[in-house]
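What follows is a single structure, written as C-alpha cells, with notes after it.
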There are 2 protein chains.
Amino acid sequence: MATIKDVAKHADLSVATVSRYLNNHPYISEEKRKRIKNAMEELDYTPSLVATQLRSKKGTMIGILVSRITNPFFSYLVDSIEKQAKSNGYTILIMQTYDDQDAEAKMLELLKQQVISGLIMCSIETDSQTIELYREYGPIVLCNVPLPDSDIPQIVTDQEQATYEAVNYLIDSGYKKIAYCTGGNLTASGHGSARTKGFERALVTANLITKKEWVFKQVHSIDDGKLVAEKILQLPKDLQPDAIFTSSDLVASGIIEVMTKHQKKVPDFLAVMGFDNQPFSSLLSIPLTTIAQPVEALGVESTNLMISLLEGKSYHVDQSKLILQLIKRESA
Amino acid sequence: MATIKDVAKHADLSVATVSRYLNNHPYISEEKRKRIKNAMEELDYTPSLVATQLRSKKGTMIGILVSRITNPFFSYLVDSIEKQAKSNGYTILIMQTYDDQDAEAKMLELLKQQVISGLIMCSIETDSQTIELYREYGPIVLCNVPLPDSDIPQIVTDQEQATYEAVNYLIDSGYKKIAYCTGGNLTASGHGSARTKGFERALVTANLITKKEWVFKQVHSIDDGKLVAEKILQLPKDLQPDAIFTSSDLVASGIIEVMTKHQKKVPDFLAVMGFDNQPFSSLLSIPLTTIAQPVEALGVESTNLMISLLEGKSYHVDQSKLILQLIKRESA
DNA sequence: ATTGTTTATGAAATCGATATCATAAATTAT
DNA sequence: ATAATTTATGATATCGATTTCATAAACAAT
C-alpha cells in the first residue's frame, strides 16, 4: 500500500503539500496539483482512513444499534438509514444487541474510541445516565425509543396514542378480555413503556381490567408468539383472553399459526392485533390488523438529525410524517 | 479520553511497559502489573482501537456485503454471521450493495484501508479479477455466491442441483410451461447462474422448451414479484406459463398476491415455487412450496473460515450441513 | 571472579496521516 | 523604495498505540 510519503517522494514534494492537496487547502500551484494527482494515480494511492481518523478525529462512520436485524421493522429501518447516510457520504456500522446490555456497551465503546463518529440507537437497554456519559464522545440520536427525562436528541412517534387507539378499536369491537405482549420487560424505559401506558389508558377509560396471566414480556419473534399462544390455550377457559395486543407482526403471526393449528378461529376465538405492518402481513392466511409505523420517515429523519449534529448544523425534524396508523384487516 | 501516556504517567512507568501489559507480554513484575491495572481503572482507560490498528495492522472488524438487508434470507444470514463473529471477539460491519458495483467497490476500499480486516461477500457484482486485486489487503470469503474460475475461499451450496430437483418436481407434477425469475441478469457470474444452469438442465432433460417471455431478470422484492405477475397476465393466453420458478419467497408472495387478486388460483392457474423458505412462508394464505437454504450453517461456516484465515489457522468446512432442501406445500 | 542468560524496564522510532510553525517568493499598499 | 500581505512550500511535532533496541539487575555457569 502506497502512503502519503510515497506520493510525496514520487511527486518530489513534501508530505505537507500532499496533505494540503488531500484536504483541498488553498495555496497550491496548479502545476504541483497535477504532479500530485499523477503520483497518486500511478501509485494507486488511497489515504488510510485509520491514520486520518487517528489524527483528525473526524470520521464518516455512523453506528446503528438495533435489537434484532431479523425483525423486518429493524431491517427496513436500517435500510432507510443506510440509504440516507450513504447519499451524504457516510458509512453505516450495524450492531445487534439482542436486548443485551453488554452489546450495547460495546457499541458505545466504539463511539468512545472514535471508530464511529455518531450513534443512532433504535433500541435501548441501558439507563439514560449511562448513555449520557458517552455523549461527550459524539452525537447520539435515539430513533423511536423515547427516553423520558433526557435531552438526548430523539426522533419520536406517539406510540402511546397509537396503542391507545388500537386497543380502543378492540374494545369498540366488543372485546373485553385483552391480553398484552411487550418486547421489553415492563420495568425498562424502552418504548415498550409508552405502549404499555397507552394500553392501560384504554383499559382504564373503558373500565376494563387486566390480569397478570394476560401479560407477556420479552416476546419478539414468531417462536415467542407461538409460546404465548400455547400459554393462552393452557389457561382455564374462564381465564382465557378474547383479544391480544402484540408487540409485532412477527409475534402476531406466531400466535395465529398456533391458534389455527388448534382449530381456534382468529378473530372469533381470539382477536390478534399486530404491530409494524410488515410487507407480508397483508398476505397471510389471516391478514393482520396492525399498526403501521413510518419506517421510511424514521430512518430519514434520524439520519438527517445525526448528520446535522455531526456537521454542526441545525436541523428541524419534520414531525408531520412520523405518524402511526391503524390498519384494519381480518385478524381483529 | 485517557491515553496510554496518561496511564504510564499515573503508574509512574513507561508507555512501553503499559503496552506490554496490554498485550500480555511476559516479564512484568506482579507489583507493576497491579499499579498499571489500578491506573487504568482510575483513569477509566480504554485503548484506542484506531491507534492500535494503525500500528499493528490487526483489526477485529469483519465486513459483510449483502445485496439487501430487507431480504430475510440476508438478514438471517447476517444474524448468524454476527453471532458467530461476536462469540469470537469480532465486530461486524454490514453494507448493502443494492446490486451496485460502486457500493461493492466502497466496501473493498474499506478492506484496502484496513477499516475492516476481512470481508465476507454474500453477494457479488464485480468480476473475479477485480476482487482478486483486493485479496492482498485481507482475507475475502465468498458466502453462497459461487465464483467459478477463482480460488477465493468460498462456502458453497449446490444451488444448481437444488434448482434442478425443484424444477423436476414441477415437471413431475405435470407442469410443462415453466417460467423463470432470477435476481441477477443472466449474464453475471453470481449464484443466479448456478440456478439458471439447474433450471435449464431440468428442462432439457425433460425435453421442454422455454420462451424468452418466461424469463424475468432482476427480480428481488415483493413488488418485483407483483410486476412479474402483471406481465404474465398480460401475455396472450397460449403464451402464459403454467408454473414459475422464483428467485425468492418474497417474489413468490408478490406473484401470488396479484394472482389471487385477479381470481387466478394458485397453483391451478399458475404454480409458484419459492426460494429461501422464509419464516412467514408457511403462514401465507397459500403456503409456499419452496427451497430451504441452510442459512444458519452458511453463516457459521463462512465466519469460522474467515476467522481462521484472519488468525492464520486452518479450517475444515463442514459441507454436510450445507444442504438445500425442497419443501413441498401448497403453492406448487 | 568473570562471562553468559534470563528477567524487567525505559527511550525512541514507527505506523500514516494532519496541523502548526517557519520561511521565501510574489504581490500589494504606503 | 520599503513595509505589509498574500501565496506557496517544507520541517517537524503530533495523534495513541506497538515494537525494536538498549540497558540493568538478578541469577546461573564456567
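Throughout, protein chains are lettered first and strands after them, A, B, ... in sequence-line order, and every chain is numbered starting at 1.
Separating the NZ atom of A:Lys32 from the C1' atom of D:dT7 is a distance of 12 Å, rounded to the nearest angstrom. Going from atom CG of B:Leu22 over to atom P of D:dT19 covers 11 Å, rounded to whole Å. Between the CD1 atom of B:Ile28 and the C1' atom of D:dT18 there is a distance of 13 Å, rounded to whole Å. The separation between B:Lys57 atom NZ and D:dT19 atom C1' is 14 Å, rounded to whole Å. Taking atom CG of A:Leu13 as the reference point, atom P of D:dA11 lies 10 Å away to the nearest angstrom. The distance between atom CD of A:Gln114 and atom P of D:dA17, rounded to the nearest whole Å, is 13 Å. Between the CD atom of B:Gln53 and the P atom of D:dC15 there is a distance of 20 Å, rounded to whole Å. Between the C1' atom of D:dT19 and the CG atom of B:Asn24 lies a distance of 16 Å, rounded to the nearest Å.
In this model, the phosphate group of D:dT18 is approached by a side-chain N or O of B:Ser19 to a distance below 4.0 Å at OP1 or OP2. For the pair A:Ser14 and D:dA11, the criterion of a side-chain N or O lying under 4.0 Å from OP1 or OP2 is not met. OP1 or OP2 of D:dA17 has not a single side-chain nitrogen or oxygen of B:Lys5 nearer than 4.0 Å.
Results of the side chain to side chain contact (heavy atoms under 4.5 Å, CB included) test with A:Ile140 over A:Met306, A:Arg135, A:Glu132 single out A:Arg135 as the only residue that passes.
If you find the closest nucleotide of DNA chain D to B:Val15 and to A:Glu31, the one lying nearer the 5' end belongs to A:Glu31. The residue among B:Tyr27 and A:Arg55 whose nearest nucleotide of DNA chain C lies closer to the 5′ end is B:Tyr27.
Residues of residues 35-50 of chain B that place a heavy atom closer than 4.0 Å to DNA chain C do not occur.
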Can you give each donor-acceptor pair under 3.5 Å made by side-chain atoms of residues 85-95 of chain A, sequence neighbours left out, with the distance rounded to 0.1 Å?
from, atom 1, to, atom 2, distance (Å)
A:Lys86, NZ, B:Gln96, O, 3.3
A:Ser87, OG, A:Gln84, O, 2.9
A:Tyr90, OH, A:Glu311, OE2, 2.8

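Under 4.0 Å is where a charged nitrogen must lie from a carboxylate oxygen, and between A:Lys106 and A:Asp102 no such pair does. A salt bridge is absent between B:Lys9 and B:Asp6: the closest approach of a Lys/Arg side-chain nitrogen to an acidic carboxylate oxygen does not fall below 4.0 angstrom. Between B:Lys32 and B:Asp12 there is no salt bridge, since no side-chain N of the basic residue sits under 4.0 Å from a carboxylate O of the acidic one. Ionic pairing of B:Glu31 and B:Arg35 is present here: one or more N-O contacts between side-chain nitrogen and carboxylate oxygen are shorter than 4.0 angstrom.
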Side chain to side chain contact (heavy atoms under 4.5 Å, CB included) evaluation trace for B:Leu22 with B:Met40: CA-CA 10 Å; B:Leu22 284 172; B:Met40 287 186 169; 3.5 Å; yes
Criterion side chain to side chain contact (heavy atoms under 4.5 Å, CB included) on A:Cys143 and A:Leu77, from CA distance to verdict: CA-CA 10 Å; A:Cys143 176; A:Leu77 183 53; 4.1 Å; yes
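At least one donor-acceptor pair under 3.5 Å links the side chain of A:Gln113 to the backbone N or O of B:Pro47.
Base engagement by B:Leu54 is indicated by at least one non-hydrogen atom pair under 4.0 Å involving a base atom.
Scanning DNA chain C 5' to 3' for nucleotides with an atom closer than 4.0 angstrom to a non-hydrogen atom of chain A gives a first and last hit of C:dC15 to C:dT20.
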